[in-house]
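Here's the structure, in structure tokens; my notes come after.
Side chains included, hydrogens not; waters and symmetry mates left out as well; all remaining heavy atoms used. Please read all numbers here as calculations on a predicted model, not as lab measurements.
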Amino acid sequence: MADPQEVLAQRVSAAVTAAFGAGQAGADPLIRPSHFADFQANVALPLAKSLGMPPRQVAEQIVAQLDLAGICDRVEVSGPGFINLTLASDWIAGQASGQLRDGRLGVPVAVPAGTVVVDYSSPNVVKEMHVGHLRTTVVGDAIVRILEHLGHTVVRANHVGDWGTQFGLLIEHLLDVGEEAARAALSAGEINAFYQAARAKFDADPAFAERSRHRVVALQAGDPDTLRLWQLMVTDSRQYYNTIYQRLGVTLTDADLAPESFYNPLLADVCAELEAAGIAVISDGALVAFPPGFTVRDRSPQPMILRKRDGGYGYDTTDLAAIRYRIKDLKATRLIYVVGAEQSLHFRMLFAVARQAGWLTDEVRAEHAVIGLVTGSDGGRIRTRTGESVKLITLIDESVERAEEVIADRYDDPDLRHQIADAVGIGALKYADLSLARDSGYTFDFDRMLALTGNTGPYLQYATARIRSIFRRAGRDPGQAAGPITVTEDAERALALTLLGFGPAVRLSADTAEPHHLAGFMFDVASAFTTFYEECPVLKAPAEQVRESRLALCALALRVLTRGLGLLGVPVPDRM
């Protein structure tokens, strides 16, 4: 099977070359979906400028050389020089039949495949996971799944914040309350309360503050007992994070941890390398880099502090060590940082220094996959029904609870009802993040997320459940539907043509690290199937051949929907 836009682009490019010579062989055919046909080629407009000809005349000469026999049944020039292309229904049906037989559903393996490091989730040991972590975790995991499906080697990097001066006061507080009580609080997710109690004690008790400072020194010096206590805190917090990952169906495991502490032994060497290269200099007692092009308000150079005056290091240094390690040791060809928008300046400076150092070259692509802010209905922090600030695990539980209320009258079996509610509630949460451009902010709204209409997770899940219901009533296995697919009705044609866009949607999401492109495509599929379902009887089709064709088209839609939702990390229940 073939991507229609790619096929048309190749034919239009060949026609441009035939009409105007090899010098125009590189002209972009500019194939776009159109309201006036299936696709539209706009190449004549920019080409006319370079040729000094009227655009419509250019378009007519291209059409005269265009070979689309068997592919299009109508080609027209419209307006100032648009070329409208309407595909032949038989060609669409043939391509859909081929997609049904293709185990990859028209998604080619990337050539060449690369090694991609995706830095995402990255909670702090001393801070509660919140809805912002939900979004970076969900979007990052979808990016990982999509890239792996295309054949790339993907390194999941969970850059957990597990190092720093705050551990001095946390360890001392742990000793005050007792190891068992502290471990129980951390593993249960009472992270914020634990930190706040330690911080309050640090601010109010000079003796405690002094003990905390000494404990930081001991930690950085590698004192065995201090390291043991630090490791207890990290391990218990990790247990809580893993509980959240499992509930969300996220693919992160302990093997993917790339915490700040991992890079601690590398920091001095990174600083020495940058200083030796003249990239980092001593300024007011600190080691600082001044990447070109960055200034503060008074137009003086913007500093990136690598080593503080007291000899300590910050997260700038850790991130420099990480980018050097990922390029030099992991041999990454692409780095994707799925991190909030507030870190944009940091990453621009980070990439600039890495490029100065020669670590980041034209052979390595580094990008900040910006994550926008999520707020409650009042524009502030998201709160529970009782008005309290919400923990992420509580948010997950509430989504499942609300989903169960939505389907309460549908199933008598409480276990089945809860199983479906779990998939719907978690799917709704995840899809809400994935369906929007990742750099856009949005208002968190359970009612919108859980709606069975519109661009929501439940709407897509319901489409898959409806298709499975058709096959259960037919007594057939959707995996055995073989076609061939034929197209006679407009709704059949629209669904088949939409399904052919699966490969391009997956590739676009991978190229841009933007899963919302795939999510938007999935919504288009579900919408096209809904129209097909309403207008084209399947089990009561007018003839056996039509029935088999429509069952095959249903099977293809189901495979695309389940594969696509799987790449997004959205669970798909068998029933709804």
Side-chain angles (χ1 to χ4, degrees), residues 1-10 13 26 28-32 95-96 98-120 138-158 250-252 255-256 258 323 326-338 351 359-370 434 437-439 498-522 524-525 556 559-570:
M1 60 150 299
D3 168 12
Q5 284 184 257
E6 187 175 320
V7 170
L8 294 175
Q10 291 172 352
S13 293
D28 187 344
L30 297 172
I31 305 296
R32 304 286 186 270
Q95 297 303 308
Q99 187 178 20
L100 182 67
R101 296 188 296 269
D102 177 14
R104 292 190 58 82
L105 298 171
V107 181
V109 175
V111 179
T115 297
V116 188
V117 177
V118 184
D119 186 322
Y120 68 109
V138 166
V139 171
D141 210 54
I143 292 171
V144 164
R145 291 168 182 261
I146 292 167
L147 289 169
E148 284 187 330
H149 186 63
L150 288 172
H152 298 288
T153 299
V154 181
V155 178
R156 295 162 174 79
N158 193 359
V250 167
T251 58
L252 285 169
D256 305 312
I323 197 170
R326 291 166 181 176
I327 294 171
K328 290 192 170 185
D329 294 75
L330 298 181
K331 309 299 182 186
T333 54
R334 186 179 181 187
L335 305 171
I336 303 174
Y337 292 82
V338 188
F351 298 156
W359 309 330
L360 189 56
T361 65
D362 292 340
E363 285 69 46
V364 182
R365 177 178 168 188
E367 56 206 280
H368 175 198
V370 176
L434 295 163
R438 54 170 166 71
D439 60 348
T498 301
L499 290 167
L500 295 181
F502 184 47
V506 173
R507 290 199 305 271
L508 179 60
S509 285
D511 291 345
T512 60
E514 293 179 331
H516 78 276
H517 294 298
L518 177 57
F521 167 79
M522 301 302 293
D524 289 343
V525 170
L556 178 57
R559 291 181 199 177
V560 168
L561 284 167
T562 53
R563 179 74 57 80
L565 288 171
L567 293 179
L568 293 173
V570 175

Kindly compute the distance separating CD (Gln5) from CZ (Arg32), expressed to the nearest 0.5 Å.
8.0 Å

Tell me if a side-chain donor or acceptor on Arg156 pairs with a main-chain N or O of Val118 at a distance below 3.5 Å.
no

Using modelled atom types and a 3.5 Å cut-off, is there a donor and acceptor pairing between side-chain atoms of Thr115 and backbone atoms of Thr153?
no

Side chains of Arg438 and Val370: does their closest heavy-atom pair fall under 4.5 Å?
yes

Pick from Thr562, Leu434, Val138: which one makes a side-chain contact (heavy atoms from CB on, under 4.5 Å) with Val570?
Leu434

With sequence neighbours excluded, tell me which residues meet salt bridge (Lys or Arg N to Asp or Glu O under 4.0 Å) with Arg365.
Glu367

Distance check, rounded to the nearest 0.5 Å: Asp119 atom CG versus His368 atom NE2?
10.0 Å

Is the shortest distance from a Lys or Arg side-chain nitrogen in Lys331 or Glu363 to a carboxylate oxygen in the other one below 4.0 Å?
no

Side-chain (Arg559) to main-chain (Leu105) donor-acceptor, under 3.5 angstrom
no

Where Val506 and Ile146 come nearest, the two heavy atoms and their spacing
O-CG2, 3.7 Å

Kindly give the heavy-atom pair with the smallest separation between Gly151 and Val109, and that separation in Å.
CA-CG1, 4.3 Å

Mind checking whether Arg334 and Leu147 have side chains closer than 4.5 Å, heavy atoms only?
yes

side-chain contact (heavy atoms from CB on, under 4.5 Å), that's the test. Do Val364 and Thr333 meet it? Break it down for me.
CA-CA 5 Å; Val364 182; Thr333 54; 5.8 Å; no

Working to the nearest 0.5 Å, report the span between OH of Tyr337 and CZ of Phe351.
5.5 Å

For the residue pair Asn158 / Tyr120, report whether a side-chain donor-acceptor contact shorter than 3.5 Å exists.
no

Atom of His517, atom of Thr512 and distance for their closest heavy-atom approach:
CD2-OG1, 3.5 Å

Between the CD1 atom in Ile143 and the CG atom in Leu518, the distance rounded to the nearest 0.5 Å is 11.5 Å

When rounded to the nearest 0.5 Å, the distance separating CZ of Phe502 from CG of Asp102 is 10.5 Å

What's the spacing between Met522 CE and Leu561 CG if we round to 0.5 Å?
4.5 Å

Indicate the atoms forming the closest heavy-atom contact of Val107 with His149, along with that distance.
CG1-CD2, 3.9 Å

Is Val139 close to Pro515 at the side-chain level, that is, under 4.5 Å between some pair of heavy atoms?
yes

All heavy atoms of Pro108 vs all of Gly106, minimum pair found to be CD-O, 3.3 Å

Under 3.5 Å: donor-acceptor pair, side chain of His152, backbone of Ala113
no

Evaluate side-chain contact (heavy atoms from CB on, under 4.5 Å) for Gln99 paired with Leu500, printing each intermediate quantity in order.
CA-CA 8 Å; Gln99 187 178 20; Leu500 295 181; 3.5 Å; yes

Closest heavy-atom pair, Leu556 versus Ala96, reported as atoms and distance to 0.1 Å, is CD2-O, 3.6 Å

If only atom types and distance count, is the side chain of Glu514 paired as donor or acceptor with the main-chain N or O of Ser509 below 3.5 Å?
no

When you look at Leu360 and Ile327, which way does the side-chain contact (heavy atoms from CB on, under 4.5 Å) test go after all the steps?
CA-CA 7 Å; Leu360 189 56; Ile327 294 171; 4.0 Å; yes

Asp141 and Thr251: side-chain donor and acceptor closer than 3.5 Å?
yes

Report the residues that fulfil salt bridge (Lys or Arg N to Asp or Glu O under 4.0 Å) with Asp3, sequence neighbours left out, ordered by chain and then residue number.
Arg507

